[in-house]
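To find a chain, count down the sequence lines: A is the first, B the second, and so on, and within it residues start at 1.
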Number of protein chains: 2
Amino acid sequence: MNDQSNPNSLEQLLCFNVYSMNLALSRFYKVAFGKTGMTYPKFVVLSALEEAGSLTVSELSKYAGMESSTLSPLLKRMADYGVLSRVRSSEDERRVMIALTDMGREAVALVREVVLEGLKGLDLDPPQTSQLVRILGEARARIEGAEPARHLEFGRMPPPLLDC
Amino acid sequence: MNDQSNPNSLEQLLCFNVYSMNLALSRFYKVAFGKTGMTYPKFVVLSALEEAGSLTVSELSKYAGMESSTLSPLLKRMADYGVLSRVRSSEDERRVMIALTDMGREAVALVREVVLEGLKGLDLDPPQTSQLVRILGEARARIEGAEPARHLEFGRMPPPLLDC
DNA sequence: TGCGAAAGATTCGTGCACAAACTATTATTT
DNA sequence: AAATAATAGTTTGTGCACGAATCTTTCGCA
């Protein structure tokens, strides 16, 4: 029943493959991080800060591809724990500057090792992987600036899917 | 500060590219689905059922790459709405058979059109995309059966990241 | 100079997503 | 046949993830 010849099947859809690959990766790293409290989104935040230095919430949002409403509570908990600092800018009181603490730098170094060794253990083909990364990056750039060509309308299908 | 030459930078990491691509795709389809109540995970469930016919919860879990604890509440709401049926098997009372209703078949046809036209509107290179799909599928197969090579230990870093 | 608009961040409500704990049924062992 | 184990789903608790609404600060402009 696995209709792989059908080009519209789930298995041939880019979005499904990205979706399920992301779920698989999240589970993989969840196991690797165990009960330490580390998660993949937190690793992304720590890495972004390590690479880019001090950032405002919206700059970090752009860098990590997450909305600020996702970051706000995440950053608050991480600051309470001590891996980063949240300081409202004095020259523009709207902005909040986020930066790694020393403890944050230690943490990201440790976590990065685990992430990289986890990847290495998968024995993926390096040229294929870098190609994957390149094409994914290009596709993401397109999709981030795009509007859907068509919107779903359930007018013909009473009742609409609200609250489903 | 965008250190693209560093092979360990976020932008060069497969997991980050999959992660942020998935976020971007989710946002894209959220816009396309508007206020209809449709979501990407629901589309995956409907499509899987259309392709594979009637499935148990665990079969569906495997097919869609989601855990049964994620599916249970999702399926319940979708059944209440009317797009699928949930019937406990008579020959093995532990199993619950999930199947599309006529309304579900109508819904998935509509949603699929929107999904495919949305993708088409992105103007991605077809050979690149099918390559992407193929490599992602292979990588996912590996990761799903894999154990992380190394686990994170915060013993050297007091206090541990618990509750962070 | 004052006032409406815009920008930056947070809060709120809803929906995944998972592990762990739990319930119910079936299979296995003794 | 009774105890035990294994299987299939559900429930529970926590953490993203988002849009919409809100709050504060800054900008623009008359």
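- Summarising the geometry, the separation between OH on B/Y40 and C1' on D/dC18 is reported as 17 Å, rounded to the nearest angstrom.
- Contact annotation: the side chain of A/L60 approaches that of A/L75 to within less than 4.5 Å [non-hydrogen atoms, C-beta and beyond].
- Close to D/dC18, at under 4.0 Å from its OP1 or OP2, lies a side-chain N or O of A/T70.
- Contact check, A/T39 against D/dC16: a side-chain N or O comes under 4.0 Å of OP1 or OP2.
- Across all strands, B/S72 comes closer than 4.0 Å to base atoms (heavy-atom distances).
- The CZ atom of A/R88 sits 15 Å away from the P atom of D/dC23 (whole-angstrom rounding).
- Side chains of A/V83 and A/E106 form no contact here, defined as non-hydrogen atoms less than 4.5 Å apart.
- Rounded to whole Å, the distance from CE on B/M38 to C1' on C/dC16 is 14 Å.
- Within the 4.5 Å cutoff, the side chain of B/L46 has heavy atoms near those of the B/M38 side chain.
- Residue B/R27 has its side chain nearest to D/dG19 when only D/dG9, C/dC18, D/dG19 are considered.
- Here the side chain of B/E50 pairs no donor or acceptor atom with the backbone of B/V108 at under 3.5 angstrom.
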Less than 3.5 Å apart, which donor and acceptor atoms pair up between the side chains of residues 116-129 of chain A and the rest of the protein, not counting sequence neighbours?
{"unit_1": "A/E117", "atom_1": "OE2", "unit_2": "B/R150", "atom_2": "NH1", "d": "3.1"}
{"unit_1": "A/D125", "atom_1": "OD2", "unit_2": "A/Q128", "atom_2": "N", "d": "3.4"}
{"unit_1": "A/T129", "atom_1": "OG1", "unit_2": "A/D125", "atom_2": "O", "d": "2.9"}

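- The shortest side-chain heavy-atom distance between B/L49 and B/Y63 does not fall under the 4.5 Å cut-off.
- Using a 4.5 Å cut-off on side-chain heavy atoms (C-beta onward), A/L13 and B/F43 make contact.
- Residue contacts for B/L71: at a heavy-atom cut-off of 4.0 Å it reaches no nucleic acid atom on any strand shown.
- Between the P atom of C/dT10 and the CG atom of A/L75 lies a distance of 7 Å, rounded to the nearest Å.
- Of the two residues near DNA chain C, B/S89 and A/V31, the one whose nearest nucleotide lies more 5' is A/V31.
- Atom pair A/L25:CG and D/dC16:P shows a separation of 17 Å (rounding to whole Å applied).
- For B/K76, the listed nucleotide lying nearest its side chain is D/dT11; candidates were D/dT11, C/dA9, C/dC16.
- Applying the 4.0 Å criterion to OP1 and OP2 of C/dA17, one finds that A/Y19 has a side-chain N or O inside that range.
- Listed by first then second residue, pairs satisfying salt bridge (charged side-chain N to carboxylate O under 4.0 Å, His left out) with a partner in residues 60-76 of chain B read A/R27-B/E67, not counting sequence neighbours.
- Across the interface with DNA chain C, nearest-nucleotide mapping of A/M97 and A/S26 shows A/M97 to be the residue nearer the 5′ end.
- Picking from C/dC16, C/dA20, C/dT26 the nucleotide with the shortest atom distance to the side chain of B/E93 gives C/dT26.
- At a cut-off of 3.5 angstrom, counting only N and O atoms as typed in the model, there is no donor on one side facing an acceptor on the other between the side-chain of B/S68 and the base of D/dG9.
- Here the side chain of A/E67 is nearest to one of C/dT10, D/dG19, D/dT10, namely D/dG19.
- Counting non-hydrogen atoms under 4.0 angstrom, B/T56 reaches the backbone sugars and phosphates but no base.
- Computed from coordinates, the A/F28 CZ to C/dA19 P distance equals 14 Å when rounded to whole Å.
- Both A/E91 and A/N22 sit near DNA chain D, but only A/N22 has its closest nucleotide nearer the 5' end.
- A side-chain donor-acceptor contact under 3.5 Å links B/E59 to the backbone of B/T56.
- Contact annotation: the side chain of B/V44 approaches that of A/Y19 to within less than 4.5 Å [non-hydrogen atoms, C-beta and beyond].
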Nucleotides 1-5 of chain C: which of its N/O atoms have a protein N/O under 3.5 Å away?
none

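- Look at CE on A/M66: it is 13 Å from P on D/dG19, rounded to the nearest Å.
- Nearest nucleotide to the side chain of B/R94, out of C/dC18, C/dT25, C/dC16: C/dT25.
- Distances shown here put a side-chain N or O of B/R86 below 4.0 Å from the OP1 or OP2 atom of D/dT10.
- If you check every strand for non-hydrogen atoms under 4.0 Å, B/L74 touches sugar and phosphate atoms only.
- Across D/dT10, C/dA9, D/dC18, the shortest atom-to-atom separation from the side chain of A/V96 is found for C/dA9.
- Contact annotation for A/Y29: no contact, since no heavy-atom pair falls under 4.0 Å across all strands.
- Out of C/dC18, D/dT10, C/dA20, the shortest distance to the side chain of A/K30 is found at C/dC18.
- Residue B/S58 is classed as a sugar-phosphate contact, given heavy-atom separations below 4.0 Å to backbone atoms only.
- As a whole-Å value, the separation of A/E59 CD from C/dA7 C1' is 13 Å.
- Note on B/R77: a side-chain N or O is less than 4.0 Å away from OP1 or OP2 of C/dC16.
- The phosphate of C/dA20 has OP1 or OP2 within less than 4.0 Å of a side-chain N or O from A/K35.
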